[in-house]
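In what follows, every heavy atom counts, from backbone to side chain, and hydrogens, waters and symmetry copies are set aside. Positions are given from 1, in the same order as the sequence printed here.
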Amino acid sequence: MRLSRSFVPTLKETPNEAQIASHRLMLRAGLIRQTAAGIYAWLPAGWRVLQNIAQIVREEQDASGAQEVLMPTIQSADLWRQSGRYDGYGQEMLRLKDRHERDLLYGPTNEEMITEIFASGVKSYRDFPQNLYHIQWKFRDEVRPRFGVMRGREFLMKDAYSFDLDYEGAVIAYRKMMLAYMRTFQRLGLKAIPMVADTGPIGGDLSHEFIVLAPTGESAVYFDSDFENIDWLKSEYDINNPADLEAFTTQMTSMYAATDEKHDTKTWATIPDARKREGRGIEVGHIFYFGTKYSAPMGLAVTGPDGSKITPHMGSYGIGVSRLVGAIIEASHDDAGIIWPDSVAPWKAGILNLKMGDAACDAICEQVYKALGGNALYDDRGERAGAKFADADLMGHPWQIIVGPRGAANGMVELKRRATGERSELSVADAIARVTG
Ligand code: ATP
Ligand code: MG
């Protein structure tokens with residue numbers, strides 16, 4: 001895109017409603033605008049990031065065998081009366097009425113709806129296991145929406161729902177999701193640590209929250225430094241092989257990780273000091289096994305091979321897709337602005353024309369822009385060089401291709417890596433190769 005013709009409304013001033021870095025930077029870099037408390041519009045740059053994140057989430061869900069669907073945002077209250085959650089859900093639920101005075105709601109989550117849909121189509125015990133997910137907007141009327149998209153009222157979530165014939169099957173579905181999550185967060189450039197979470201009346205240990213480390217996080221966390229070192233993308237676990245999933249689970253449980261509430265000081269004391277890590281974190285995902293909590297009241301049942309009635313076991317698996325945009329920025333920024341990981345950046349490179357109207361600068365910029373296509377944001381505004389440097393750092397492009405008259409006269413450009421600040425002078429062709437390579 002050409003910046004002169006793009007709607008990327010960057011701000012020089014720090015907006016005073018924003019308390020944390022990611023919220024400030026998302027407003028300043030022109031990613032979002034608030035339209036009501038906890039409700040945001042995604043502008044071109046922000047929308048590109050959100051879609052990049054959603055696509056990585058999607059690819060890893062698909063690789064685990066989950067199938068994508070799309071359920072509506074508006075749900076019938078009757079569905080929730082069936083599960084018994086309608087009254088109990090409380091004020092976080094946004095309740096609506098249609099013209100016939102029928103009760104509707106804007107979905108805060110989809111357990112009831114997916115259970116009904118699945119029940120209406122499943123025919124036999126042979127249809128199991130299955131896992132269905134969607135990436136859809138949710139609404140929760142949070143008491144204190146804050147920190148921008150981190151705790152919004154309308155937010156984008158990936159939620160998956162697994163269906164298995166028995167507990168053993170559900171455990172496999174759960175482990176698949178856990179491995180898929182470790183890979184997803186790594187691809188997003190994050191260190192995410194799974195922490196055992198409350199299971200409530202269900203019991204057992206099949207509930208984990210995934211926490212991304214950031215000093216502004218809402219929860220205090222304690223964990224084993226091994227979590228920082230494992231490469232889940234290179235690990236050879238086959239997500240479709242139960243034995244591999246078992247080995248993966250053994251590896252996971254061998255490493256300590258806990259939030260403040262679950263922290264066990266006795267076990268912690270047995271861990272060598274060099275491996276102890278403490279910090280704060282942001283919850284970006286939550287996976288949960290809940291047995292027949294929804295299948296039983298919603299009437300999901302199939303006949304087993306021996307004629308007996310089977311009530312399927314379910315789990316649900318959430319990722320806060322829009323919260324991740326904030327979490328990634330919390331984990332990756334400096335005083336000058338955002339430092340996007342390559343995988344989610346709205347543009348891989350910014351092209352900075354330091355002297356618009358200079359024949360050599362213009363020609364080189366056009367050449368680079370043509371070669372990089374949609375992966376580049378070309379700063380072709382009639383602004384001073386200083387303003388272009390500041391905006392490029394603020395917007396956080398992984399690469400900056402800086403084109404000034406002195407270098408351009410010799411066919412050279414400067415290439416800057418945002419994360420390290422490293423700069424090198426290269427030929428146009430070499431710069432393009434580095435960015436696309
Ligand atoms: P929290 O404790 O932060 O309120 P939760 O336990 O209510 O989260 P879940 O119901 O497990 O969250 O939802 C799955 C994921 O959706 C969470 O891990 C989080 O990343 C995201 N999420 C939940 N509430 C919000 C919100 N208000 N704004 C943005 N993302 C959210
Ligand atoms: Mg909540």
Side-chain angles (χ1 to χ4, degrees), residues 20-22 147 150-151 167-168 170-172 174-237 242-291 315-320 323-324 326-328 330-333:
I20 60 169
S22 60
F147 301 155
M150 297 264 245
R151 187 167 295 286
Y167 175 77
E168 289 67 34
V171 168
I172 292 173
Y174 188 91
R175 291 173 172 174
K176 277 189 179 192
M177 279 294 120
M178 187 178 262
L179 180 53
Y181 275 38
M182 297 312 285
R183 290 180 171 162
T184 301
F185 294 127
Q186 188 177 330
R187 283 183 64 188
L188 296 172
L190 293 171
K191 296 267 176 236
I193 300 157
M195 310 272 175
V196 173
D198 278 328
T199 46
I202 309 287
D205 58 354
L206 292 184
S207 175
H208 285 85
E209 288 172 354
F210 291 76
I211 307 281
V212 165
L213 298 173
T216 47
E218 288 185 328
S219 11
V221 293
Y222 302 83
F223 63 98
D224 190 318
S225 64
D226 282 357
F227 273 114
E228 300 177 328
N229 306 323
I230 298 168
D231 184 339
W232 299 106
L233 296 167
K234 289 223 178 79
S235 70
E236 308 225 312
Y237 296 124
D244 279 12
L245 292 172
E246 170 122 41
F248 162 67
T249 307
T250 306
Q251 182 180 14
M252 290 301 251
T253 44
S254 72
M255 299 181 282
Y256 186 89
T259 48
D260 224 357
E261 310 88 67
K262 297 256 184 265
H263 187 45
D264 167 14
T265 45
K266 267 205 195 116
T267 314
W268 188 238
T270 65
I271 295 167
D273 280 343
R275 276 173 44 198
K276 282 181 183 157
R277 295 283 183 278
E278 289 182 33
R280 300 198 67 80
I282 301 164
E283 180 196 324
V284 291
H286 191 179
I287 61 178
F288 201 88
Y289 162 76
F290 47 71
S316 74
Y317 314 89
I319 291 183
R323 178 179 285 184
L324 272 167
I328 290 169
E330 287 299 327
S332 183
H333 70 273

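Side-chain N or O atoms of Ser332 include none that pairs as donor or acceptor with a backbone N or O of Ile328 at under 3.5 Å. For the pair Glu330 (side chain) and Ser22 (backbone), a donor-acceptor distance under 3.5 Å is present. Using modelled atom types, no side-chain atom of Tyr181 and backbone atom of Ala192 make a donor-acceptor pair closer than 3.5 Å.
Looking at heavy atoms from C-beta onward, Phe185 lies in side-chain contact with Ile319 at the 4.5 angstrom threshold. Side chains of Tyr256 and His263 form a contact here, defined as non-hydrogen atoms less than 4.5 Å apart. Residues Lys191 and Ile193 fail the side-chain proximity criterion, which asks for heavy atoms closer than 4.5 Å. For the pair Ile230/Met255, a side-chain contact is recorded, criterion being any heavy-atom separation below 4.5 Å from C-beta on. At least one side-chain heavy atom of Leu213 sits less than 4.5 Å from a side-chain heavy atom of Phe223. At least one side-chain heavy atom of Arg183 sits less than 4.5 Å from a side-chain heavy atom of Tyr237. Under the 4.5 Å side-chain criterion, counting only non-hydrogen atoms from C-beta, Tyr222 is in contact with Asp260. Met178 places a side-chain heavy atom less than 4.5 Å from the side chain of Met252.
Annotation for Pro194 and Phe227: closest pair CD-CE2, 3.6 Å, computed over non-hydrogen atoms. Nearest heavy-atom pair across Glu236 and Asp244 is O-OD2, 3.7 Å. Between His333 and Ala21, the closest heavy-atom pair is NE2-CB, 3.5 Å. Residue Ala327 comes nearest to Met150 through the heavy atom pair N-SD, 3.8 Å, listed as atom of the first residue, atom of the second, then distance. Of all heavy-atom pairs spanning Ile271 and Lys276, the tightest one is O-CE, 3.3 Å.
Annotation: salt bridge (charged side-chain N to carboxylate O under 4.0 Å, His left out) contacts of Lys234 (sequence neighbours excluded): Asp231.
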Evaluation steps, side-chain contact (heavy atoms from CB on, under 4.5 Å), between Glu278 and Val221 = CA-CA 6 Å; Glu278 289 182 33; Val221 293; over 6 Å; no

Pair Tyr289-Val171, side-chain contact (heavy atoms from CB on, under 4.5 Å): steps then yes or no = CA-CA 8 Å; Tyr289 162 76; Val171 168; over 6 Å; no

Could you please spell out the steps behind the side-chain contact (heavy atoms from CB on, under 4.5 Å) verdict for Glu261 and Asp198?
-> CA-CA 10 Å; Glu261 310 88 67; Asp198 278 328; over 6 Å; no

Report the C-alpha separation of Leu324 and Leu188 in whole Å, then their side-chain angles, then the decisive distance to 0.1 Å, and conclude whether the side-chain contact (heavy atoms from CB on, under 4.5 Å) test is met.
-> CA-CA 9 Å; Leu324 272 167; Leu188 296 172; 3.8 Å; yes

Compile the donor-acceptor pairs under 3.5 Å between side chains in residues 279-286 and protein atoms, sequence neighbours left out, one pair per line.
{"unit_1": "Arg280", "atom_1": "NE", "unit_2": "Gly217", "atom_2": "O", "d": "2.9"}
{"unit_1": "Arg280", "atom_1": "NH2", "unit_2": "Glu218", "atom_2": "O", "d": "3.2"}
{"unit_1": "His286", "atom_1": "NE2", "unit_2": "Ser207", "atom_2": "OG", "d": "3.1"}

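The distance from atom CE of Met182 to atom OG of Ser235, rounded to the nearest 0.5 Å, is 9.5 Å. Atom CZ of Phe288 and atom CD of Glu209 lie 10.0 Å apart (nearest 0.5 Å). Between the OG1 atom of Thr249 and the CZ atom of Arg175 there is a distance of 4.0 Å, given to the nearest 0.5 Å. The structure places CG of Leu233 at 4.0 Å from CD of Gln186, a figure rounded to the nearest 0.5 Å.
Here Trp232 and Phe248 bring their ring centres to under 6.0 angstrom of each other.
Within 6.0 Å of CD on Glu228 lie more than 12 heavy atoms contributed by other residues, nucleotides or ligands.
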